Protein chains: 4
Amino acid sequence: MNILEMVRYPDTPAGRAFEAAVLFLILASIAVMSLETLPGLSANAIYLFGLLEISITLAFTLEYMLRVTAARDKRAYVLSFYGLVDLIAILPFYLFFESGLQASRIVRLFRLFRILKLVRYSNAMQVFGSALYRSKDQFVVFFFAMSFMLFVASYGIYQFEHEAQPEAFRSVFHCLWWAVETLTTVGYGDVYPVTAGGRFFASLVVLFGLAIVAAPAGIIASALTEVSRDDK
Amino acid sequence: MNILEMVRYPDTPAGRAFEAAVLFLILASIAVMSLETLPGLSANAIYLFGLLEISITLAFTLEYMLRVTAARDKRAYVLSFYGLVDLIAILPFYLFFESGLQASRIVRLFRLFRILKLVRYSNAMQVFGSALYRSKDQFVVFFFAMSFMLFVASYGIYQFEHEAQPEAFRSVFHCLWWAVETLTTVGYGDVYPVTAGGRFFASLVVLFGLAIVAAPAGIIASALTEVSRDDK
Amino acid sequence: MNILEMVRYPDTPAGRAFEAAVLFLILASIAVMSLETLPGLSANAIYLFGLLEISITLAFTLEYMLRVTAARDKRAYVLSFYGLVDLIAILPFYLFFESGLQASRIVRLFRLFRILKLVRYSNAMQVFGSALYRSKDQFVVFFFAMSFMLFVASYGIYQFEHEAQPEAFRSVFHCLWWAVETLTTVGYGDVYPVTAGGRFFASLVVLFGLAIVAAPAGIIASALTEVSRDDK
Amino acid sequence: MNILEMVRYPDTPAGRAFEAAVLFLILASIAVMSLETLPGLSANAIYLFGLLEISITLAFTLEYMLRVTAARDKRAYVLSFYGLVDLIAILPFYLFFESGLQASRIVRLFRLFRILKLVRYSNAMQVFGSALYRSKDQFVVFFFAMSFMLFVASYGIYQFEHEAQPEAFRSVFHCLWWAVETLTTVGYGDVYPVTAGGRFFASLVVLFGLAIVAAPAGIIASALTEVSRDDK
């Protein structure tokens, strides 16, 4: 069959055209996702973006069906990384179509998975994936260290600041937000210690804990560097 | 004796069950410590958390007594890292039980030591400990450099900003808070220089001192990476 | 011809004098660009700076003409990095001279290209250029990872915060500003999440994405280190 | 002479006592410098700190005179690093004693040089010095790159934001403060771009320039690590 061969062999002219079309759809989808959030859109524009959204989802559905049909080992494709990503990119649309939840936050967030469809086309994204995989052991160690640090910071600052600022430091869970924004050095300035004890504790935590919390991100980045070097 | 053997040999089925129970208690303790800070708890919930807190402390006491009894060299256990941590995790409860200081900040902060009981169960925490130990020489050098930098920044900014902002930059000790939050680049925005001289001084300090202050945390993180690599 | 030889051979005394004069002009230009922005300048000062600006541009034009005339392969010079920089440094002046756009933002921004004329005279700037060139492969990988991270952060935070703060998080494009200032840890505090969901999402993004966004800058810096080490 | 030998041979018991006394004086001086800034000091305390300040300076003067007398090559000592530091630590006191400028900012700032007297006693400080010396070539390259980046950021943001925020972005020189606090990611939030163009420009500058500005500090820190490793 002609169409299935087109899907099967991405190196033939027809296959390249198919992949280019899918890539275009993904980029179009990202554009629609962004543009439809612009404020002050006319009713026509909103209608158009809705139509584009449905069309793109239908096209992705068609792509998924083609890929399942074309796959020699259908089960393997469906359970592969690409198969799961292709499914998650369309599933929420059908699951919540009737319930009217289509516009809800969680369904919209699921659209972010469409970006993972780019992995097929971007060397950078594949490098990213294998970097994450390679560094998983170190990642676990640092993830624990980070969690430990964040809990110590949250629990400690709660004891010092809760009395002085009962609103901002309401519970250990609310203090986590402070711990994250402080230990990553973002420091918006919406919550910060004001008591002498709290400032002393915060200083200790940030002077010695800073690098621990930045470490998981650093591990990803350094694995990314390694993999991209090996690639060359 | 059966129970003591259970404590002595953590690799037997009974030993594994004992260790699992202790691990569960530590995690339960962390959960209680966090949950009891939630605002708007009912009287019943507060009562329940108090009861759980007492039960957990009693269970930790029982564990400590069992470990002392089971240890072949009791003195060695009591003075070991684990022995001290196990003791500190329960001691404040008994010391301040009658004085009603049970709910005071300092006693509550001592509960944080319970997290160190996790070291027994977490490879990551042991890695952390040996990383700290390994990098102690470098740590000392950078600790001095950091203290030096923080004092220079505090004393200098006091001279420039005290007159313009007597409240925020009240004394060299108050300026330390500014120095810490600036040189770690947290920058909440609660205190910052406004005079031309103060801004110039702050720029110099932050452009050249930034990495010095971040270094102790960086040393911990890099030692952590090394140890976790050797571990593999 | 004497003058053309002066331009051709920068190692002769005359050539050195010519290059010194050009270098002086560049520095004077930077000084004028900065000083003319000072508030409260007298009419005389404004007139003087305007005159200096025109003189410097004329001098740069003369330099360009001399270099073109002196070049053995005129075409090669005009299309070389230096030739293009020398042209861009003067072109906007002539293009917009009559239109009165001389004082417009975009024309003024073009003056920044004059800094690139410094490359001829500064070893550091050449090191910088070859560092950028050397690390271009890694740069591409990280540039994609960075764009990916920024889009995910912007789209996600929009879903969580748009309802609560419709002004600050107006569209995915407005959220990009939040994403950049958060993931680079600048954190001015002009926009930040206030909902529990938004804070949770922001924490995830910043804890794991931070190093990705800082990576392109890190690649430039590490290539710079490498090149400056090889130079020795 | 007994006293001169004490100064000359710091490894004898008398020499060790002398050095210990000087070290104590330096630490006392730092303590006085900090404590006298405390608000709400009584008249007695202010009088006491003034007396201590004068006594310490006299003691440092005595130390300087002893070291000059004890030195075999007096000229070499006076012009050495230690000789200059010892002199700068006392000179401003005598220069401004009569002029009543004793309490002025600049004279007080000069006291910071007393910290450099610690170099004699602290291995960490010597490591610091030789780290700075070793990395001076790289330092120069990055210092230029940093200056370049800061100027580009300041000039650019001025063009974009001056009209919208004439107060905060008054001139290129005022914008430097924004450039420093943004590119070091401190981000207090006292000045930040509000126009779309300014935010776009700021994003570009911070995404690609961040590591350049952090580099000089990073070079110091990495040289410090190297030297402290060699030391072992």
Side-chain angles (χ1 to χ4, degrees), chain B residues 137-149 151-152 154-156 158-160 162-163 166-167 169-176 178 181-194 196-204 206-215 218-219 222, chain D residues 30 33-41 104-109 111-112 115-116 118 122-128 131-132 139 143 146-147 150 173-174 176-177 179-192 213-222 224-225 227-229 231-232:
Chain B
D137 289 342
Q138 273 191 26
F139 199 82
V140 168
V141 172
F142 272 100
F143 184 80
F144 272 98
M146 184 181 88
S147 308
F148 168 80
M149 210 72 216
F151 175 74
V152 168
S154 305
Y155 185 78
Y158 174 84
Q159 302 301 339
F160 282 111
H162 176 65
E163 225 165 291
E167 206 46 45
F169 296 90
R170 221 172 308 166
S171 76
V172 167
F173 303 99
H174 289 86
C175 292
L176 254 178
W178 171 83
E181 78 164 88
T182 298
L183 282 164
T184 57
T185 79
V186 171
Y188 290 123
D190 53 343
V191 272
Y192 51 83
V194 296
R199 286 180 170 186
F200 182 72
F201 179 80
S203 298
L204 284 185
V206 81
L207 285 173
F208 299 112
L210 200 134
I212 305 299
V213 171
I219 287 167
S222 87
Chain D
I30 291 173
M33 279 161 70
S34 304
L35 291 170
E36 71 182 9
T37 67
L38 279 176
L41 288 178
S104 76
R105 182 180 303 158
I106 206 72
V107 176
R108 281 171 181 281
L109 275 175
R111 285 196 209 150
L112 274 178
I115 288 179
L116 291 178
L118 279 175
S122 156
N123 183 33
M125 295 287 282
Q126 282 160 17
V127 164
F128 199 68
L132 277 179
F139 199 82
F143 184 80
M146 184 182 88
S147 307
L150 288 175
F173 303 99
H174 289 85
L176 255 177
W177 174 241
V180 168
E181 78 165 86
T182 298
L183 282 164
T184 57
T185 79
V186 171
Y188 291 123
D190 52 343
V191 271
Y192 51 82
V213 171
I219 287 168
I220 299 176
S222 88
L224 204 41
T225 314
V227 176
S228 75
R229 201 170 284 164
D231 240 45
K232 277 197 287 188

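Chain naming here is simple, since letters A, B, ... match the order of the sequence lines and numbering starts at 1 in each. This structure is a prediction, so every number in the text was calculated from the model and none was measured.
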Assess whether side chain to side chain contact (heavy atoms under 4.5 Å, CB included) is satisfied between B/Tyr158 and D/Ser34, documenting all intermediate values. CA-CA 10 Å; B/Tyr158 174 84; D/Ser34 304; over 6 Å; no
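Of the two parts of D/Val180, only the side chain, counted from C-beta on, holds a non-hydrogen atom closer than 4.5 Å to a non-hydrogen atom of chain B. Of the atoms belonging to B/Pro166, not a single heavy atom falls under 4.5 Å from chain D. No part of B/Phe200 comes within reach of chain D, as not one of its non-hydrogen atoms sits under 4.5 angstrom from that chain. Residue contact with chain B, scored on non-hydrogen atoms closer than 4.5 Å, is absent for D/Leu176. Residue B/Val191 touches chain D through its backbone alone, counting heavy-atom pairs closer than 4.5 Å. Looking at B/Val152, both its backbone and its side chain come within 4.5 Å of chain D, counting heavy atoms on both sides.
Aromatic ring pairs are classed by plane angle as parallel below 30°, tilted from 30° to 60° and perpendicular above 60°; the pair D/Phe143 and B/Phe208 is parallel.
The two residues B/Tyr155 and D/Leu109 come nearest to each other via the heavy atoms CE2-CA, 4.4 Å. Smallest separation of non-hydrogen atoms from B/Trp178 and B/Pro193: NE1-CD, 3.6 Å.
With salt bridges taken as basic N to acidic carboxylate O contacts below 4.0 Å, one links D/Arg111 and D/Glu36.
Of the listed residues (D/Glu181, D/His174, D/Met33, D/Met146), the greatest number of heavy-atom pairs within a distance under 4.5 Å of chain B belongs to D/Met33.
Rounded to the nearest 0.5 angstrom, B/Thr182 OG1 and D/Tyr188 OH are separated by 2.5 Å.
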